[in-house]
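The structure appears below as structure tokens.
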Amino acid sequence: MGKKRSGGGLSTTQQAAKFLGVSVLSGAVLAGLALPAVGALGLAAKGTVEEFDEIPANLKTPPLSQRTTILDAEGGEIAKVYSRDRTEVPLKKISPYLRQAIVAIEDARFYEHGAVDLKGVLRALNKNAQGGGISEGASTLTQQYVKNVFVEEAGDDADAVREATRQTIGRKIRELKYAIQIEKELGKPRILQNYLNITFFGQQAYGAEAASQRYFSKHAEGLKLEEAALLAGLVQSPSRYDPVNDPREATLRRNTVLQRMADVRNISQAEADKAKKKPLGLKVSKPKNGCITAVDGAGFFCDYVREVFLKDPVFGKTREDRAKRWNRGGLRIRTTLDPKAQKSVQKAIRDKVYASDEVATAVTLVEPGTGRIVGMGQSRPYGFKGNETPINLSVDKDMGGGVGYQPGSTFKPIVAAAALERGVKPYKSYPSPYRMPYPSPVRTCDGSWSGSDSVANENTTEVGPYGMREATAKSVNTYYVQLISDIGVCPVTTLADRMGVARADGKKLDQGPAIALGTQEMSPLTMATAYATFANRGVYCTPVAIESITAPGGKELKVPQTECSRAMSQKTADTVTTLLKGVVEDGTGREAGLSGRASAGKTGTTDERYAAWFVGYTPNLAGAVWVGDPRHERRMVGISIGGRTWDKVFGGKVPGPIWREAMAGALEGKPAPGFVTVPIKDPAQKKPPRDGRGDDKPGGNGSGGNGDPWPDVTIPPDLIGGTDGGWDPRDILGGNGNGGGHGRRPR
């Protein structure tokens, strides 16, 4: 009896004996082997037939990973993304030359033997015994296919891949068991088809179709003899015989395949000799994988689509399930991106901000009423070099973005809406001095805030009294600080939540009165969606990026739908729209106003000028533009942006024109409906005007209802608790406590 080696393993002779065996397999296994004109072959992982039979009989074949195509709303391709570049095709779509070449070089007796080739086994055992290890396999194409299934199942798990390809007796036994099953169930043509679709050919190409496209820029069915021989030769070692990096070695390997085809009489010797003399004839197409290859600057939107897929439970119960489904690919994802709007966004960005500037801009356009994201872009290109970045500056951190940026005074309309919902009249007046201390204490959701910080307006000339319309148009800080001290912080944060407004870093909104001035970092997508609520007359709709997904075989997958809910009354939303029309007509946002269309919006410039915004809307499109340093380090003072030098950057000066250009291009040729507005009297008037009509288009009048435009309003139940604007703020002041600091003084 042979002795064990010092390491505890079996000797070469013992391995060979265990592999070949002398026992007779059961009748079912023997029939599965289907070995012509030979006797029995006994195999067992531990030397017994019983243990061989304990290996599960059914090979679970995972769907092959393929390319996923991401499309815009009109069906145009945005990008292809894949874990493995593969396109499955039927056998008839693969050149006969490639079918013959693969069989000739990998398993010439493929059509003669069963799951294993006894002659090959004996030859390999002899060579391995002489070499003292496992240097040569005896795998048939069927066994190779089984191994590739294990590799496919391992996916991107490096440890699992190593385990699936380890040269061990145990793995060979598993391959054999499953090969018997495959031979019985599929038959030779289907096995060859599956093999040619799963095999790796190098250069990120999996399967014959992807390989043909990669090396020759043609479909696999059109491969010539010498081209097919080249691809067949790659299977043994894609890196060693890579024709791109080592054409000499690849040529030698190709010629070996050609000679083998002649030897087995697939082709004549004359055909082989003629083909050997031909050049490789490569026409290489570079891999185009991932969102980095997206057209029209849509790489960040493409990445957002991926994040939606990985996070939404509609695509799988766990993130692991969703990741596997994404990596498997083969999907056609039609998105909400409007190619016209996207081109307009990118042009507006290029015209106003350079990629090399010290600061960046991000623009997002959203459709009111549907939540559809129709445009998303930024000045820093998608990438990892120089001025490039992989961070999507338009979205929240958990969706691939950063920690957000202070929105400044673009948050004030939310404060105004919260006040209106609580019964404050739009003609409510406050003294609004140039500078004043924060009112203290101020009621919060969990107590009250107390502090001694002060707040000032942008200019010393901004001294009240002001009403809500003028204070909004001029973006008067002290007015809004007094307003939030009257109603409390909680109604504002509650309404913000109803409008989908949250911090980009995922933290809760601070409970301090400085929130009225936009001190909480937010993303452009958040602000665009919030303003779409005003455009949609008080109904908030969650943002969506995916219209439909078609799986391989044509099955339509369920996709997340927008969810809409009323955040405020129509009257409140229409009143805010009236206020924000004044901003673009004769306020800080004049340079953002659209020609020939009703538009409304708000500027925002943070204290110290680390960020500047314009957020606005028409009845059928909302958009947000942010400009600033993503690192929050460069103040926008004495700075060059887009080739122009600015002493100070304001929301109406840089973001405003970007918004106007992006919106104008996106809306070109589309209907120009008007707003429903309400009249707001001047604080000096004793009574509001009785005519409830408002402008519903630039320069014209439209219907808005008759009578007092501000009777008692219907207040959502969760916001009940206030009176009208004539109350005494001292009536609601509570005890001392802290709810948050003042932050910067945005405008």
[X] [atom1] to [Y] [atom2] distance, which is reported to the nearest 0.5 Å:
X    : Y    : atom1 : atom2 : answer
D72  : C302 : CG    : SG    : 12.0 Å
N477 : M436 : CG    : CE    : 11.0 Å
E307 : D396 : CD    : CG    : 11.5 Å
T575 : M568 : OG1   : CE    : 10.5 Å
R634 : D629 : CZ    : CG    : 8.5 Å
D312 : K558 : CG    : NZ    : 9.0 Å

Quick one: do the [X] and [Y] side chains pair a donor with an acceptor below 3.5 Å?
X    : Y    : answer
S475 : S409 : yes
E547 : T335 : no
S599 : T618 : no
E421 : S569 : yes

For this session: Take D486 and Y430 through the side chain to side chain contact (heavy atoms under 4.5 Å, CB included) test and state the conclusion after the steps.
Result: CA-CA 11 Å; D486 266 7; Y430 288 105; 2.4 Å; yes
Give a yes or no on whether a salt bridge exists between [X] and [Y], defined as a side-chain N under 4.0 angstrom from a carboxylate O.
X    : Y    : result
E591 : R660 : no
D338 : K340 : no
E661 : K352 : yes
K581 : D574 : no
R635 : E608 : yes
E458 : K474 : no

Within a reach of under 6.0 Å around [atom1] of [X], are more than 12 heavy atoms found that belong to other residues, nucleotides or ligands?
X    : atom1 : result
E633 : CD    : yes
K648 : NZ    : no
E563 : CD    : no

Less than 4.5 Å apart, any side-chain heavy atom of [X] and any of [Y]?
X    : Y    : result
W613 : T603 : no
K311 : R319 : yes
Q378 : F300 : yes
K412 : L517 : yes
P543 : T562 : no
Y405 : T606 : no
R435 : N457 : no
C541 : T370 : no

Problem set entry | Intermediate values then yes/no, side chain to side chain contact (heavy atoms under 4.5 Å, CB included), V583 and T588 | CA-CA 6 Å; V583 174; T588 58; 3.8 Å; yes
With distance as the sole test, does [X] use its side chain to make a donor-acceptor pair with the main-chain N or O of [Y] at under 3.5 Å?
X    : Y    : value
Q342 : L337 : no
R322 : F315 : no
N536 : G538 : no
T578 : V678 : yes
R498 : R566 : yes
R422 : A419 : no
W626 : A612 : no

Problem set entry | Partners passing salt bridge (charged side-chain N to carboxylate O under 4.0 Å, His left out) against R306 (at least two apart in sequence or in another chain) |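 Applying salt bridge (charged side-chain N to carboxylate O under 4.0 Å, His left out) to R306 gives none.
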Testing the basics here: between [X] and [Y], what is the closest heavy-atom pair and its distance to 0.1 Å?
X    : Y    : value
G518 : F411 : CA-CB, 3.8 Å
P431 : Q482 : CD-NE2, 3.4 Å
G669 : R597 : N-NH2, 4.5 Å
G377 : V345 : N-CG1, 3.9 Å
Y480 : A416 : OH-CB, 3.7 Å
P657 : G652 : CD-O, 3.5 Å

Problem set entry | is_close_aromatic(Y479, Y466), centroid dist under 6.0 Å |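 That pair fails the under 6.0 Å test.
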Exercise. Hey, would you say the F675 and Y617 ring centroids sit under 6.0 Å apart?
Worked result: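 When the ring centroids of F675 and Y617 are compared, they turn out to be within the sub-6.0 Å range.
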Problem set entry | Stacked cation flag R609 on F650, 6.0 angstrom / 45 deg |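 Yes, cation above the ring, under 6.0 Å and within 45°.
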Residues 525-532 side chain polar contacts: donor-acceptor under 3.5 Å, at least two apart:
{"unit_1": "T526", "atom_1": "OG1", "unit_2": "S523", "atom_2": "OG", "d": "3.1"}
{"unit_1": "T529", "atom_1": "OG1", "unit_2": "L525", "atom_2": "O", "d": "2.8"}
{"unit_1": "Y531", "atom_1": "OH", "unit_2": "T410", "atom_2": "O", "d": "2.6"}

For this session: Report the C-alpha separation of L365 and M663 in whole Å, then their side-chain angles, then the decisive distance to 0.1 Å, and conclude whether the side chain to side chain contact (heavy atoms under 4.5 Å, CB included) test is met.
Result: CA-CA 8 Å; L365 305 182; M663 292 282 288; 3.8 Å; yes
Exercise. What do the steps show when you test N459 against T461 for side-chain hydrogen bond (donor to acceptor under 3.5 Å, both in side chains), and what is the final call?
Worked result: CA-CA 5 Å; N459 300 309; T461 57; 4.8 Å; no
For this session: Evaluate the side chain to side chain contact (heavy atoms under 4.5 Å, CB included) criterion for residues L420 and M468: first the C-alpha distance (whole Å), next the side-chain angles of each, then the deciding distance (0.1 Å), finally the verdict.
Result: CA-CA 10 Å; L420 295 169; M468 192 177 291; 4.2 Å; yes
